[in-house]
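Any value given below was found using the heavy atoms of this structure, including those in side chains, with hydrogens, waters and symmetry copies removed.
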Amino acid sequence: MPNWGGGNKCAACHGTVYHAEEVQCDGKSFHKCCFLCMVCRKGLDSTTLASHDQEIYCKSCYGKKYGPKGYGYGQGAGTLNMDRGERLGIKPEETQTHRPTTNPNPSKFAQKFGGSEKCARCGDSVYAAEKIMGAGKPWHKNCFRCAKCGKSLESTTQTEKDGEIYCKVISVLL
């Protein structure tokens, strides 16, 4: 005789699971909405499921928790990731504390991409994408203007006097 009053119990919420909403895994029943990764809570299906000791995970979280560790065991292209697995119960290794250097020379990174040089007009960091050199100093594109009239300058239309830049028209008047 059929069981008209209910169905199996959901392994996640322990509520009654009716046939129309049932998902089965490892002999257990789940509501479709309860069939979630135990770590990231993403919805699962037969292609994204990985189970371990009666627990269900998405393949990504399963790999982080139970997969191989170390160099070369990424999860595909571009896997640089700062997740060290604390939420999976993995204890992070001791990290070295950062000690700022007193070296006055900027790093190779700062030399290449900018940021260590300061704009001669506003004093903020100048990055390579916005850097213009004039009068032997770095400038932001927006700061590379005549000190007298405010006209935007280019390397061919600027002149320098006493460490400041001017348009060539104004320099005749100085």
Do C119 and P138 have side chains that get closer than 4.5 Å, going by heavy atoms? no
Heavy atoms only: give me the nearest C34-C13 pair and the separation to one decimal. SG-SG, 3.9 Å
Main-chain N/O of T47 paired to D45 side chain as donor or acceptor, under 3.5 Å: yes
Is the closest side-chain heavy-atom distance between C146 and I165 below 4.5 Å? no
Is it the case that the side chain of R41 and the backbone of M38 share a donor-acceptor pair, with hydrogens and angles ignored and the cut-off at 3.5 Å? no
Hydrophobic clustering (ILVMFWY, side-chain heavy atoms < 4.5 Å, transitive) - are Y166 and I132 grouped together? no
pair I56-L44: side-chain heavy atoms closer than 4.5 Å: yes
Would you say L36 ends up clustered with V23 if hydrophobic residues are merged whenever their side chains have heavy atoms under 4.5 Å apart, either directly or through other cluster members? no
Could you tell me if the side chain of K59 sits less than 4.5 Å from the side chain of Y62, heavy atoms only? no
Return the minimal non-hydrogen interatomic distance between A135 and E160, and the atom names on each side. CB-CG, 3.1 Å
Got K151 and R145 here, is their nearest side-chain heavy-atom distance under 4.5 Å? no
Got a donor-acceptor contact below 3.5 angstrom from the H140 side chain to the S125 backbone? yes
Can a donor-acceptor pair be found, under 3.5 Å and without considering hydrogens, that links the side chain of W139 to the backbone of G134? yes
For a quick test of reading the model, state the closest non-hydrogen atom pair linking A20 to K32 and the distance between them. O-NZ, 3.7 Å
E164: what forms a salt bridge (Lys or Arg N to Asp or Glu O under 4.0 Å) with it, not counting sequence neighbours? R121
What class does the angle between the rings of Y57 and Y66 fall in, given that below 30° is parallel, 30 to 60° is tilted and above 60° is perpendicular? perpendicular
Can you name the residues that form a side-chain contact (heavy atoms from CB on, under 4.5 Å) with N8, not counting sequence neighbours? E22, Q24, S29
Side chains of T157 and C167, heavy atoms from C-beta outward: is any pair under 4.5 Å? no
Nearest 0.5 Å please: distance from the NZ atom of K28 over to the OG atom of S51. 9.0 Å
In the structure I gave you, are the side-chain heavy atoms of C40 and S60 within less than 4.5 Å of one another anywhere? no
side-chain contact (heavy atoms from CB on, under 4.5 Å) between F144 and S152: does it pass, once the steps are laid out? CA-CA 6 Å; F144 197 65; S152 184; over 6 Å; no
Does some side-chain heavy atom of K9 sit less than 4.5 Å from a side-chain heavy atom of V17? no
Hydrophobic cluster membership, L153 vs V126, 4.5 Å side-chain cutoff: no
